[in-house]
Structure formats: C-alpha cells, structure tokens
Amino acid sequence: KAGVTQTPRYLIKTRGQQVTLSCSPISGHRSVSWYQQTPGQGLQFLFEYFSETQRNKGNFPGRFSGRQFSNSRSEMNVSTLELGDSALYLCASSPDLGYSGNTIYFGEGSWLTVV
Amino acid sequence: SQQGEEDPQALSIQEGENATMNCSYKTSINNLQWYRQNSGRGLVHLILIRSNEREKHSGRLRVTLDTSKKSSSLLITASRAADTASYFCATADRGSTLGRLYFGRGTQLTVWP
C-alpha cells in the first residue's frame, strides 16, 4: 500500500507569491491533516479535513487555507508568502477522525523556502 | 501552550546502550504517540498508547504512560546507529479528533557506533 504522498518535495518562492502544496492520503483514508514544522515553533497543527469539510483549524492567519477533494486528496495554499513561512509542511492521513485512537501516518513533507 | 515537552533535548549514547526519553503534557488525553524523524524527512509512527494503558512494547521499544503525572517515557533498548534521529511525543486531547495532535519539541538522539 502506498504511503502518504506529498508534492512537490522542494520549492523556492519569492515573498508575496502564493504556493499550493498537494497531499494524497493512503488509499482508503478519509481524514487529512496538515502541519508546519519550523526550528523556532516546532510542529504546529494547521488544519484537518474529513469528507471535504474542514473539521479543525489551528492558530494560523487566513493566508493559510486548504481544501479536500471527493477522492480525499488535499491541497493547502499559502498566499502572500512571508519569509517566516519557510518551513517543512507535513501532511498526515488516517482512516477516519479517529476518536477511538487510530494512528495517523505522515508523508515526507514539502520543503518551502521563501526568499 | 498545550504542547508536550520532551526531556532531555539531546541525548548522546554508544551503540548497545539503552536510551530513555521523557515527555510531559498538560491536558487530558485520548492517547499519546511517539514518532521518529530522520533529518529533513517525514515523521515515522513508532507506537501509540491509549489513556487507559500503562505500558506498551514494540520490538526494542517500550513506552509507559502515567496519566496522573501527565507523563510518558520511551525506552529504546540495545540502541543502534540507525536509531539516530529526533523523537517526538504527540498527544490527542480527550474529545478531539485524531488529526489534531500536539507535539513536543523533540529529543535529538545520537547513537555512536
């Protein structure tokens, strides 16, 4: 079974531009979450999607947005990029919302550098 | 902050020794998970322990959970150079969805051959 796939793996953008990152969850998984990892703030939750609906959102500005498609694939978008948005963006998937405590599985991440 | 805190921040040992990492958290949880991250890579799930469990084993890994002290420990026995990585604990709050995890800052483990 293929794991969580994130594209692109590396990208460089200029301040003020926007970026879209893509995530394909494990086959059969319907929940997708996004995290930002930086040396200063560590791993921080961005948002969580299930059945094309945003279920949870972290404490990030409105420049960060996401969506989920009917096939459970997800994209996140960051508009008006700032230098501080440089980070590793990680996507994770799980079969469901997991109230009972299932494992979530992470992809390899997308490295974003803003210059 | 609702993040967990790992202790120590960095740990350096020789191959064959045991490595113990601790994690403390602040809220009531559904479960606690440990992840490993090799430099610049994604997170690899190691083990999940539910709030009603006290100890769990997986291969060379042993995890304990003390909900009264809001703490957990990860023991890696007979460590290998390949265990060199950052280790994170992550908690899911009681009543929260699984995808919303709170991570600690991690322990950087270095195992010398």
Side-chain angles (χ1 to χ4, degrees), chain A residues 3-6 9-10 23 25-26 29-51 53-59 66 68 72 74 87-113, chain B residues 1-7 9-10 23-25 27-53 56 58 61 63 65 67 72 85-108:
Chain A
V4 178
T5 305
Q6 291 188 244
R9 286 278 286 128
Y10 304 93
C23 172
I26 292 171
H29 284 196
R30 297 167 61 198
S31 176
V32 173
S33 301
W34 288 89
Y35 289 81
Q36 180 197 63
Q37 186 178 25
T38 61
Q41 298 299 318
L43 280 152
Q44 292 187 291
F45 171 79
L46 279 158
F47 21 66
E48 178 182 27
Y49 286 88
F50 180 79
S51 293
T53 302
Q54 187 179 87
R55 301 295 176 140
N56 274 303
K57 188 177 193 302
N59 189 25
Q68 186 181 34
S72 295
S74 178
L88 176 64
Y89 290 87
L90 293 162
C91 170
S93 77
S94 64
D96 51 37
L97 288 172
Y99 291 101
S100 62
N102 291 314
T103 301
I104 70 171
Y105 298 90
F106 284 82
E108 288 292 322
S110 291
W111 278 102
L112 170 65
T113 301
Chain B
S1 168
Q2 291 177 287
Q3 282 186 329
E5 293 290 335
E6 284 94 345
D7 170 57
Q9 288 187 334
C23 167
S24 61
Y25 57 91
T27 61
S28 294
I29 62 172
N30 267 338
N31 61 68
L32 184 145
Q33 305 183 59
W34 285 90
Y35 287 86
R36 184 186 75 227
Q37 184 178 40
N38 290 89
S39 182
R41 306 295 297 274
L43 296 168
V44 175
H45 183 263
L46 296 176
I47 200 164
L48 178 151
I49 186 165
R50 292 185 169 80
S51 58
N52 61 353
E53 297 175 314
K56 209 160 181 182
S58 177
L61 306 180
V63 168
L65 178 64
T67 52
S72 173
S86 292
Y87 291 82
F88 296 89
C89 69
T91 56
D93 283 353
R94 189 176 299 282
S96 177
T97 54
L98 178 63
R100 183 166 196 161
L101 296 178
Y102 294 95
F103 284 86
R105 289 305 188 105
T107 293
Q108 173 60 52

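It should be emphasised that the depicted structure is a prediction, and the values quoted were computed from it without experimental measurement. Lettering of chains follows the sequences in order, A, B, ..., and the numbering in each one begins at 1.
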Problem set entry | Candidate pair A:L88 and B:R41, rule side-chain contact (heavy atoms from CB on, under 4.5 Å), full reasoning | CA-CA 9 Å; A:L88 176 64; B:R41 306 295 297 274; over 6 Å; no

Problem set entry | Check: B:R100 side chain, A:R55 main-chain N or O, donor-acceptor pair, under 3.5 Å | no

Exercise. Just how far is it from atom CZ of B:R105 to atom CD of A:Q41, taken to the nearest 0.5 Å?
Worked result: 6.0 Å

Seminar exercise, completed: When rounded to the nearest 0.5 Å, the distance separating CG of B:L43 from OH of A:Y105 is 13.5 Å

For this session: For B:L101 and A:Y35, work out which heavy atoms get closest and say how close.
Result: N-OH, 2.7 Å

Exercise. Roughly how far apart are A:I104 CD1 and B:H45 NE2, rounded to 0.5 Å?
Worked result: 8.5 Å

Exercise. By a 4.5 Å heavy-atom criterion (distance strictly below it), what part of A:W34 contacts chain B: side chain, backbone, both, or neither?
Worked result: neither

Exercise. So with a 6.0 Å cut-off around CG of B:N52, is the heavy-atom count from everything else above 12?
Worked result: yes

Problem set entry | A:Q37 versus chain B, the contacting section by heavy-atom distance below 4.5 Å | side chain

Exercise. Is the side chain of B:Y102 donor-acceptor paired with the backbone N or O of A:F45 at a distance under 3.5 Å, no angle test?
Worked result: no

Exercise. Do other residues, nucleotides or ligands put more than 12 heavy atoms under 6.0 Å from the CD atom of B:Q9?
Worked result: no

Problem set entry | Pairwise distance CZ(B:F103) to CD(A:Q44) - rounded to 0.5 angstrom | 11.5 Å

For this session: Find out whether B:F88 and A:L43 are in side-chain contact, i.e. whether some heavy atom of one side chain is under 4.5 Å from a heavy atom of the other.
Result: yes

